[in-house]
Amino acid sequence: MAVFTSVTLGDLTQWIKQFPLGQAVALKGIASGIENSNFFLTTEGGEYVLTIFENLSFEQLPFYLKLMHHLAERGVLVPAPVATHEGELIVPLHGKPAAIVSKLEGSSQMDPQPVHCAAVGSMLARMHLAAQDYPLVQPNLRGLDWWNLTTPKVLPYLSAENAHLLRAEMHFQEAFAGCDTYRQLQRGPVHADLFRNNVMFVGERLTGFFDFYFAGCDTWLFDVAVTINDWCIDLASGVLDTPRVRAMLDAYHAVRPFTPAERTAWQPMLRAAALRFWLSRLYDYYQPREAEMLTPHDPTHFERILRERIATPAPGLTG
Ligand SMILES: Nc1ncnc2c1ncn2[C@@H]1O[C@H](COP(=O)(O)OP(=O)(O)O)[C@@H](O)[C@H]1O
Ligand SMILES: N[C@@H](CCOP(=O)(O)O)C(=O)O
């Protein structure tokens, strides 16, 4: 259940008039999702998604909504935010920030094949290039600083073996982030959470990336690593599936060629991407937020992926 703030069609009668969308004719709560209250909204103008933001503030939201607007204008397939007659993308609803974005066709592909991975790789590279001239800057709020803050909060709950793994990996990643190769990596706005459930497909046709609310400025390679660690693995073991990895990396490289520094950084970056989600899942598991109504994601999934990336070299960035 992920409608934390209820809204009725009647609530929208006056509210919707600030948008150039005509009257609201249907509204349906969306059950999936864990952060916000989401609704499918039909208006006289078409099909949309209405989101009420439960955690992000009016001050924090422009980075995400304007990024989606910037990308959509440049032909990257993402939900396009709808501006009010006054040009605002974020407006209050029931005292919380809310936005309307275009509805993507299709559904998530939870059993991806190489053809889906290639489509994701190609669109990801297009997204990185299209975001290069995005003027707003926000760091990845789930980056190294957050890992450093979070590690001591979860360590007391871990077994000796896992505490050792976490400490050792944090040392490794601190050193990696401080090295020359890391400094040479290309950077810009990244999605940072491009899992299977955040991309829509109709058959083999990718219709869009969504859920940009972990986006921030980070290395492009980190985004690639996060995406590979979800789309191109055997879910039970975390082991990479070479045909899917190759399809995604080759398609990305065809649009935006990988650099020599990225090739050097690839193995540690896959570990960084695994650590990021192990940590956030540990944090959500042991320190659930008060408003949280859902079962937290399983942290052991990313512990397995991290151990696997440490133990087994992944296929290289270029074949
Ligand atoms: N623009 C969109 N077009 C179509 N469906 C969407 C769109 N945005 C969200 N959804 C649907 O809403 C669900 C929840 O969205 P999500 O962004 O994952 O929520 P949360 O931010 O709460 O985690 C998605 O799984 C998807 O089915
Ligand atoms: N992808 C993250 C959790 C973020 O949740 P989302 O539903 O907003 O993508 C994870 O799997 O830990």
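Just so it is clear, the structure is predicted and the values come from calculations on it, not from any experiment. Order of listing sets the numbers, starting from 1, for every ligand and every atom in it.
The backbone N or O of A80 sits less than 3.5 Å from a side-chain atom of S102, completing a donor-acceptor pair.
Considering backbone and side-chain atoms alike, L104 places an N or O below 3.5 Å from some N or O of ligand 1. On a distance-only criterion, N38 and ligand 1 share at least one N/O pair closer than 3.5 Å.
Within 4.0 Å of ligand 2, heavy atoms belong to protein residues I34, D193, F195, N197, N198, D211, F214, F277, R281, H297.
Note: T51 OG1 to D211 CG = 9.0 Å, rounded to the nearest 0.5 Å. Annotation: the span from L317 atom CG to H253 atom NE2 amounts to 9.0 Å, rounded to 0.5 Å.
Residue I30 approaches ligand 1 through these ligand atoms, each under 4.0 Å from one of its heavy atoms: 11 (C), 12 (O), 13 (C). Residue-ligand proximity, M200 to ligand 1, at heavy-atom distances under 4.0 Å covers atoms 4 (C), 5 (N), 26 (C), 27 (O). With ligand atoms numbered from 1 in the order given, ligand 1 contributes 13 (C), 14 (C), 24 (C), 25 (O) to contacts under 4.0 Å with heavy atoms of S32. Heavy-atom proximity to K103, at under 4.0 Å, picks out these atoms of ligand 1: 3 (N), 4 (C).
Contacts between S102 and ligand 1, counted as non-hydrogen atom pairs separated by less than 4.0 Å, involve the backbone only. Using a 4.0 Å cut-off between heavy atoms, Y213 makes no contact with ligand 1 at all. Contact annotation for P79 and ligand 1: only side-chain heavy atoms (C-beta onward) come within less than 4.0 Å of the ligand.
In this structure, W15 and F19 have tilted ring planes: the angle between them lies in the 30° to 60° band. Between Y157 and Y286, the ring planes are parallel. Angles under 30° get that label, and only those over 60° would be called perpendicular. Using the six-membered ring where Trp is involved, W220 and H128 have ring planes that are parallel, under 30° apart on the 30 and 60° scheme. Ring geometry for Y252 versus F258: interplanar angle under 30°, hence parallel rather than tilted (30 to 60°).
Under 3.5 Å, the side chains of N140 and R276 contain no donor-acceptor pair of N or O atoms.
Residue contact annotation: F40 has a non-hydrogen atom under 4.0 Å from ligand 1. Not a single heavy atom of E105 sits closer than 4.0 Å to an atom of ligand 1.
Ring centroids of Y48 and F39 are separated by 6.0 Å or more, keeping the two rings apart.
The cationic group of R142 lies under 6.0 Å from the six-membered ring centre of W146 and within 45° of the ring axis, placing it in a cation-pi geometry.
Cluster note: V239 groups with no other residue, as no ILVMFWY side-chain heavy atom lies under 4.5 Å from it.
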